[in-house]
There are 2 protein chains.
Amino acid sequence: MITLLLVEDDKDLGKVLKQYLEMQDFRVLLSESGEKGWALFREQSPDLCILDIMLPGMDGLTLGKKIKQAAPDQPLLFLTARTSKEDVLQGLKMGADDYICKPFEPEELVLRINNILRRSGKTEPELMAIGQFRFVPDQLELAGYGNTYRLTLKEAQLLKYLLSHQNQVLKREEILAGLWGENDYFLGRSMDVFISRIRKYLKPEKEVKLETIRGVGYVLRTMKR
Amino acid sequence: MITLLLVEDDKDLGKVLKQYLEMQDFRVLLSESGEKGWALFREQSPDLCILDIMLPGMDGLTLGKKIKQAAPDQPLLFLTARTSKEDVLQGLKMGADDYICKPFEPEELVLRINNILRRSGKTEPELMAIGQFRFVPDQLELAGYGNTYRLTLKEAQLLKYLLSHQNQVLKREEILAGLWGENDYFLGRSMDVFISRIRKYLKPEKEVKLETIRGVGYVLRTMKR
DNA sequence: TGAAATGTTAATGCCAGGTTAACGTTGGCA
DNA sequence: TGCCAACGTTAACCTGGCATTAACATTTCA
């Protein structure tokens with residue numbers, strides 16, 4: 001579970017955001033002051049700090065600076081009012097990952113949070129190894145044996161799915177439900193096309209085999225050494 | 001200028017790569033041993049370390065671990081032989097940003113390097129502010145006033161160009177040469193379409209104005225406070 | 001005032017990617 | 001052993017998205 005530190009002096013806004021973020025499966029530490037935010041940061045080591053710039057007492061920028069000194073790679077996201085443009089630039093210079101201007105929709109906040117977490121490597125691995133191949137799902141990139149392939153979106157999604165379940169038998173209908181959202185004859189034939197393509201890409205890699213289990217589905221076998 | 005530390009015990013390969021990377025405008029520190037690599041790292045604080053795993057004496061993984069302890073957010077890229085699969089996994093667990101299997105084309109190395117540098121924020125800023133709007137060129141994303149727009153590639157390229165030269169007058173033919181590679185009547189009309197679109201996106205932002213200088217070109221004016 | 005320059009909106013054409021077709025191969029079962 | 005369903009492979013087809021181009025409008029300047 002990802003832990004967020006939210007420092008926001010507006011009680012109502014703080015509560016609404018906390019509630020919303022908890023509904024998105026985050027653990028949220030809420031603080032109304034910079035001083036208490038700093039204490040929570042020290043005690044709990046959150047994955048991401050969301051700091052309102054306009055705080056009573058220790059302001060958000062000062063708190064951010066303090067956090068960055070203590071933990072230079074700590075992800076920060078600032079909340080800022082429309083009148084705080086210089087504050088924003090200062091925040092970015094300090095190494096903040098992102099900022100949002102009030103007012104904003106909570107969904108936007110979640111989007112930003114997930115972007116930052118992905119970039120800081122706190123969500124699933126961004127790079128997957130397949131024998132001597134490297135696969136970066138977000139970049140649709142498969143590289144190995146001196147070649148770099150730009151996969152199509154569907155190819156990348158299927159390869160990612162197979163890799164996430166390597167050495168497990170995946171039923172045809174399971175893959176179809178997961179990647180295509182439904183199971184029909186023609187989508188199954190479409191999947192066959194993509195399976196064939198992935199086999200072609202992976203052909204040079206002898207320690208990986210995409211096997212068919214007839215009447216059942218597929219299994220991506222990777223040899224363990 | 002970006003500084004790279006290259007630790008590679010194969011003299012010939014090291015020289016070839018150094019030369020190639022210098023041609024790509026990198027400054028390259030070359031070392032044949034882990035021990036000397038460590039010393040160079042300490043003295044010169046390179047932007048990216050490229051470490052061969054198979055080194056005499058202190059091996060690449062040990063060196064990488066040492067570097068990560070000293071500088072947790074230091075970008076690392078490992079060079080690995082085909083027989084080093086467990087090494088690769090260890091490197092990734094350690095927090096390496098990427099790896100390449102030998103043999104590889106030098107262009108591939110440059111691609112990987114630029115990817116890592118972009119991700120670590122060591123190239124041009126990944127996030128640009130336009131008044132209360134935030135623009136992330138690589139993600140074709142413009143967000144502000146509660147809305148998030150997915151720009152088309154051309155829109156994003158033009159906006160980025162305008163922002164990179166804000167408050168400077170840009171001649172029509174200059175923009176066309178820069179983004180379209182040539183200047184003709186119809187491409188000019190195409191640019192007019194994109195200018196119009198960008199104006200539409202930015203309309204809510206009063207402190208930014210995309211002005212026409214008739215017979216000359218455009219200037220993106222941003223008010224300074 | 002007229003023409004050129006530019007603005008705006010929509011139509012057009014092209015391309016990439018997923019789906020579907022067509023033919024081939026394989027495996028399992030009677 | 002032969003047949004048929006399941007799947008493999010390659011290419012054709014269709015659609016959506018995007019840049020370009022068209023068409024009409026507006027603005028500016030001599």
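Numbers restart at 1 for each chain; the letters A, B, ... are given by sequence-line order, proteins then strands. Hydrogens, waters and symmetry mates are skipped; everything else that's a heavy atom, side chains included, is used.
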Original post:
Which residues satisfy the salt bridge (charged side-chain N to carboxylate O under 4.0 Å, His left out) test with A:E141, sequence neighbours excluded?
Top reply: A:R150, B:R112

Subject >> Partners meeting side chain to side chain contact (heavy atoms under 4.5 Å, CB included) with B:R172 (sequence neighbours left out) >> reply: B:M191, B:D192, B:Y218

Original post:
How long is the line joining CD1 of A:I213 and P of D:dC7, in whole Å?
Top reply: 11 Å

Original post:
Along nucleotides 20-30 of chain D, 5' to 3', which nucleotides get a B, which get an S, and which get a -, given that the test is a protein heavy-atom distance under 4.0 Å?
Top reply: BBSB---BB--

**OP:** Could you tell me whether the side chain of B:L179 reaches within less than 4.5 Å of the side chain of B:F194, counting heavy atoms only?
**Re:** no

**OP:** Answer whether the closest heavy-atom distance between the side chains of B:L30 and B:L17 falls below 4.5 Å.
**Re:** no

Original post:
Is there side-chain contact between B:I130 and B:L142, with at least one heavy-atom pair below 4.5 Å?
Top reply: yes

**OP:** Please list, chain by chain and in numerical order, all residues satisfying side chain to side chain contact (heavy atoms under 4.5 Å, CB included) with B:S164, sequence neighbours excluded.
**Re:** B:M128, B:K160

Subject >> Test applied, side-chain hydrogen bond (donor to acceptor under 3.5 Å, both in side chains); reference residue, B:Y145; option that passes from B:K203, B:E205, B:Q132 >> reply: B:E205

**OP:** Take the protein atom CD1 of A:I198 and the nucleotide atom P of D:dC7, then report the distance between them rounded to whole Å.
**Re:** 16 Å

Original post:
Is B:R172 touching bases, backbone alone, or none of the nucleic acid, heavy atoms closer than 4.0 Å?
Top reply: sugar-phosphate

Subject >> Outermost DNA chain C nucleotides near chain B [under 4.0 Å, heavy atoms] >> reply: C:dA4 to C:dT9

Subject >> Minimum side-chain heavy-atom gap A:F133-A:V208 below 4.5 Å >> reply: no

**OP:** Let me know the distance between CG of B:L140 and C1' of D:dA19, rounded to the nearest Å.
**Re:** 14 Å

Original post:
Can you find a side chain N or O atom of A:K200 that sits less than 4.0 Å from OP1 or OP2 on D:dT10?
Top reply: yes

**OP:** Please give the angle, rounded to 10 degrees, between the axes at the start and the end of the helix from C:dT1-D:dA30 to C:dA30-D:dT1, where five pairs define each axis.
**Re:** 10°

Subject >> N/O donor-acceptor pair under 3.5 Å between B:E155 side chain and B:T152 backbone >> reply: yes

Original post:
Between the main-chain N or O of B:E211 and the side-chain N or O of B:R221, is there a donor-acceptor pair closer than 3.5 Å?
Top reply: no

**OP:** Specify the separation, in whole Å, of atom NZ of A:K209 and atom P of D:dG8.
**Re:** 13 Å

**OP:** Under 4.0 Å between any heavy atoms, over every strand shown, what does A:Y218 touch: base, sugar-phosphate, or nothing? Just pick one.
**Re:** sugar-phosphate

Original post:
CD of B:E22: more than 12 outside heavy atoms within 6.0 angstrom?
Top reply: yes

